[in-house]
K.L.:
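Take a look at the following structure, please.
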Amino acid sequence: MCGIVGYIGTREAQPILLNGLIKLEYRGYDSAGMATVTKGKVSVRKQQGKIAALSNLLKKKPLRGTIGISHSRWATHGIPSQCNAHPHTDCSEKIAVVHNGIIENYEDLKEGLIQEGHIFKSETDTEVIAHLIEKFYKDDIEAAVRTTLKLLKGSFALGVILGNHPEQLIAARLGSSLVIGLGEEENFIASDTSALLAHTKNILFLEDNEMAVLTKKSVAVSSFDGKAIEKKPTVITWDAAQAEKGGYAHFMLKEMYEQPSVIESIVHHRVSEEKSGVYFQEMKIPGKKLKCVEKIAIVACGTAYHAGLTGKYILETLTGIPVEVDVSSEFRYRKPILGKDTLVIVISQSGETADTLAGMREAKRRGATVLSIVNALGSTMTRESDGVIYTHAGPEIGVASTKAYTAQLSILYLFGIYLGALKNYLNIQRIKKLLTEMEGLPQQATQILANHKIIQKISKRHHDKNCFLYLGRNLNFPNALEGALKLKELSYVHAEGYAAGEMKHGPIALIDKTMPVVCIVPDSATHDKMVSNIQEIKARGGIVISIATEGDKHISNHSDYTVYIPKVRELFSPVLTVLPLQLLAYHIALRNKRDVDQPRNLAKSVTVE
Ligand code: M6R
């Protein structure tokens, strides 16, 4: 939540900061602001609303200077308003601060500062930081920030500038991500690498309890208590074009249509030519250790949690190892029973989700081995887990997760096959068959995505309905949850995902002639049970939208609409059945004139609890 960009160098800071903020807007978009230093003076511009509103303000009142910080906000303390937008300044307006995270003890700190005569202008927790730095500042900005950091409880990524020190930009991190980009005669800070790709691919990742002093020529990293820390830059392989819309109307649309190539590249890079094995070069957890795994626990949030739920079916089928799945915010507090033979798999697009990170740390504390399945290169989860498998889906900018999900599922299939082979649970014939079938998935996905006319027709007829129900069974039950989540977050239409067998235990009461019910019913062991569910829905006047396998006439006879997917083994069907669900949510959101890439109240990375 919240995006931070900072710059120090020889170029004008404003356009660099603004372009960086645009790349980070998906992290928060209720207000935005910027501060630069010129002639010893800090100047601030801020505006409620999206970055475009700040950009308009900057056209009228540009900021000059070659050092600056900027911020796009997702409100935690204080309503979205110009006054609560960052940067925040001290009483003298010489110190400016941008912050991502939450200062949990800000009320106590604020009270003390008010008693000492400080005057506050906003309702935010962040403003205390500017006043504390002011309080401790005696010619040395670094020392003042260091003293301030010791008093802060909670989580933060910070960027600080001071009018008296136009040659220094200070950054600090505890619990919220912050990266440093290294340039020639210029350096940068940002919440994540996507803001910096246009300028540099050489990145230093700040860890918790670390701060950095940036000048245009140097970056000095130290611990909060002043010990110098040597860091080697990581070279990021993503390029700037991947973070652009590339001619699509929305990032989400582009990302949905990238799915066939993402799946193809995953299979291509991880599977041996003769389809006899799977490789995870970067994973680091030795095969010997994985061979001893007796239990798997999957921990994730949102869409990644749905990938985890599907992962339970996948991994149990392919490895014979029992799997439990938790949403991270429950897992971290429920005192999970884990041992050294437990493999905890955390799944996350961003690798920065606060609850998943906390779950991961709890798992490690309890002695489990942690494997992360993550998209964002170099993110905190990838650095703190025992091993990582990258989904390599490229930057996902749309707030609604699409290609990250199908990439997560693809990795789970491959990891299941890898572990199943290690455990001698799968024989070579079965492995070859499965991997050969996986090779066909990209082509099948392309076919489904091309068939959007039927989805547009359904959206046109039913975009105004108040509520949708999504039903699935077995491997396709999690996709019922995922389809409902996509519709809710994009269209603000209420949607419920249910295991179809549960329909008669309550949700059936909702069904009438105004209720569209999306039934995920590919060829599967539970196909006939789903047919009975569909008949029960029709008997009560419900509108049935079925996702079925090509040639399934029986389903189309009972459904108002049938969206076909190609014939595929049930195990692999979720990676295909989710595609029409994503398209449906997208087209309903368009019809309802929603902001597809930046739905209200959401942020791409949930970095606070
Ligand atoms: O970055 P993560 O995968 O850890 O994020 C998890 C959820 O916040 C995310 O999937 C969220 O639910 C998306 N908005 C769903 O589209």
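Both counts, for ligands and for their atoms, begin at 1 and track the order of listing. Counting from 1, the numbers follow the sequence of the chain as shown.
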K.L.:
Quick check: does any side chain N or O of Asp208 sit under 3.5 Å from a backbone N or O of Gly175, one acting as donor and the other as acceptor?
P.N.:
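At least one qualifying donor-acceptor pair exists.
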K.L.:
Less than 4.5 Å apart, any side-chain heavy atom of Arg270 and any of Ile389?
P.N.:
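When only atoms from C-beta onward are counted, Ile389 and Arg270 do touch, with a gap below 4.5 Å.
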K.L.:
Taking the six-membered ring where the residue is Trp, are the ring centres of His462 and Tyr561 under 6.0 Å apart?
P.N.:
yes
K.L.:
Between Leu487 and Val518, is a side chain to side chain contact (heavy atoms under 4.5 Å, CB included) present by the stated rule, with each step listed?
P.N.:
CA-CA 11 Å; Leu487 187 66; Val518 181; over 6 Å; no
K.L.:
Check this for me, if you would: do Glu324 and Lys295 make a salt bridge, where the nitrogen-to-carboxylate-oxygen distance has to be below 4.0 angstrom?
P.N.:
yes
K.L.:
Does some side-chain heavy atom of Pro574 sit less than 4.5 Å from a side-chain heavy atom of Leu409?
P.N.:
yes
K.L.:
Which atom pairs, nitrogen or oxygen on both sides, join ligand 1 and the protein at under 3.5 angstrom?
P.N.:
residue  : atom   : partner : partner atom : Å
ligand 1 : 1 (O)  : Ser348  : OG           : 3.4
ligand 1 : 1 (O)  : Ser350  : N            : 2.9
ligand 1 : 1 (O)  : Ser350  : OG           : 2.7
ligand 1 : 1 (O)  : Thr353  : OG1          : 3.4
ligand 1 : 3 (O)  : Gln349  : N            : 2.7
ligand 1 : 4 (O)  : Ser348  : OG           : 2.6
ligand 1 : 4 (O)  : Thr353  : OG1          : 2.4
ligand 1 : 10 (O) : Thr303  : N            : 3.0
ligand 1 : 12 (O) : Thr303  : N            : 3.4
ligand 1 : 14 (N) : Val399  : O            : 3.2
ligand 1 : 14 (N) : Glu489  : OE1          : 2.8
ligand 1 : 16 (O) : Thr303  : OG1          : 3.3
ligand 1 : 16 (O) : Ser401  : N            : 2.8
ligand 1 : 16 (O) : Lys486  : NZ           : 3.0
ligand 1 : 16 (O) : Glu489  : OE1          : 3.3
ligand 1 : 16 (O) : Glu489  : OE2          : 2.4

